[in-house]
Structure formats: structure tokens, C-alpha cells
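Note sheet for the following structure.
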Amino acid sequence: MTLRIGIIGVGRWGKRYVKTCLGMTDVTITWLCSTTQETLKKCVEEIPPAGKIRTTTKYTHILADPTVDAVIIATPGTTQYTIAQDAIIAGKHVLVEKPL
């Protein structure tokens, strides 16, 4: 079984999660999210098979996708609680980069 994930926040730490997930055999990144298109573009340029990964500036797009099993939240600490709560309510498994 392949775990389909979305990564919310692709700055310094988020890109590390992207690289880690790309190296895992049972994980597929299906979405990347950042608040800016510029950050998304920089991240996608560094990913070899980026064509199959969707991007968005609204994390709610990831949460609304029924094919996404889990999300990794690597955003500033002030936003993590709300995003994590929304993800749990949406039925997603959640990994938060920092302690809440």
C-alpha cells in the first residue's frame, strides 16, 4: 500500500521532508503547498518527477482531496495548530514538524 501525502509548507524544513519522502518506496507526494507561488516554483524545480505533484497556495485544497491519506505540516509555529486541527477534522493522518 502506498501512502499518498501532501506537504504543507515547502520552505527550508518542508523541502527536507520532500527529499525524505521522495526516497521512500511506499510514499507518494501528491500535493505541495506554500503561501507563495515563488516558493512552490523553487521547490518543484528541485524535484525530479515534479510533473505528477500538484501545487497550491491553499492548504484546504489538499484537505479536500479524498485521495490524500496524510499531510506533513512544516509551516511557522503560529499556523500549525489550525492547519493540524483542520487536517484531523478532514480525516487525514498528520505529522507536525514542530511541537505544538
Side-chain angles (χ1 to χ4, degrees):
M1 179 178 161
T2 298
L3 183 67
R4 296 164 304 217
I5 65 165
I7 299 177
I8 302 170
V10 291
R12 188 178 72 199
W13 281 102
K15 285 198 284 188
R16 291 177 180 170
Y17 282 107
V18 170
K19 289 176 184 177
T20 298
C21 291
L22 288 173
M24 301 172 87
T25 57
D26 293 339
V27 173
T28 299
I29 301 171
T30 58
W31 283 93
L32 297 175
C33 177
S34 179
T35 56
T36 67
Q37 287 291 339
E38 181 180 322
T39 304
L40 282 170
K41 183 180 176 191
K42 285 180 185 178
C43 185
V44 169
E45 287 172 353
E46 296 176 16
I47 301 171
K52 297 180 182 181
I53 300 173
R54 292 173 278 181
T55 61
T56 184
T57 57
K58 307 262 187 228
Y59 75 89
T60 53
H61 294 162
I62 297 171
L63 303 184
D65 184 342
T67 67
V68 173
D69 302 307
V71 295
I72 295 174
I73 302 168
T75 62
T78 56
T79 63
Q80 291 175 345
Y81 176 83
T82 301
I83 296 170
Q85 183 178 34
D86 291 347
I88 291 166
I89 291 169
K92 308 301 183 194
H93 297 284
V94 178
L95 182 149
V96 179
E97 190 264 323
K98 295 178 184 117
L100 295 174

- Would you indicate whether the side-chain heavy atoms of Ile5 and Val27 approach each other to under 4.5 Å? yes
- To the nearest 0.5 Å, tell me how far Thr30 OG1 sits from Ile62 CD1. 7.5 Å
- Message: I need the minimum non-hydrogen distance between Cys21 and Ile72, along with the two atoms involved.
- Response: SG-CD1, 3.8 Å
- Once you round to the nearest 0.5 Å, how far does CZ of Arg16 lie from NZ of Lys19? 8.5 Å
- Task: In plain terms, say whether Arg4 and Asp65 are close enough for a salt bridge, that is, a side-chain N and a carboxylate O under 4.0 Å apart.
- Result: no
- Close side-chain approach of Thr75 and Tyr59, heavy atoms under 4.5 Å: no
- Message: Taking Thr79's backbone N and O only, do any of them form a donor-acceptor pair with Thr82's side chain (distance below 3.5 Å, no angle check)?
- Response: no
- Task: For the residue pair Val18 and Ile29, establish whether any side-chain heavy-atom pair is separated by less than 4.5 Å.
- Result: yes
- Item | Same apolar cluster: Trp13 and Ile73, side chain cutoff 4.5 Å | no
- Please examine the side chains of Thr28 and Leu3, heavy atoms only from C-beta on, and report whether any two atoms are closer than 4.5 Å. no
- Query: Under the side-chain contact (heavy atoms from CB on, under 4.5 Å) test, which residues partner Lys15, sequence neighbours left out?
  - Reply: Cys43, Glu46
- Message: Contact between Leu40 and Thr57 at the side-chain level, heavy atoms closer than 4.5 Å - yes or no?
- Response: yes
- Task: Measure the shortest side-chain to side-chain distance between Ile88 and Asp86 over non-hydrogen atoms and say whether it is less than 4.5 angstrom.
- Result: no
- Are Trp31 and Ile53 side-chain neighbours, meaning at least one heavy-atom pair lies under 4.5 Å? no
- Task: Go through the steps to decide whether Lys92 and Val68 satisfy the test side chain to side chain contact (heavy atoms under 4.5 Å, CB included), and finish with yes or no.
- Result: CA-CA 7 Å; Lys92 308 301 183 194; Val68 173; 4.0 Å; yes
- Message: Any heavy-atom pair between the side chains of Val71 and Cys33 that's under 4.5 Å?
- Response: no
- Query: Roughly how far, to the nearest 0.5 Å, is the CZ atom of Arg12 from the CD atom of Glu97?
  - Reply: 8.5 Å
- Spatial distance of atom CZ (Arg54) from atom NE2 (His61) [nearest 0.5 Å]: 11.5 Å
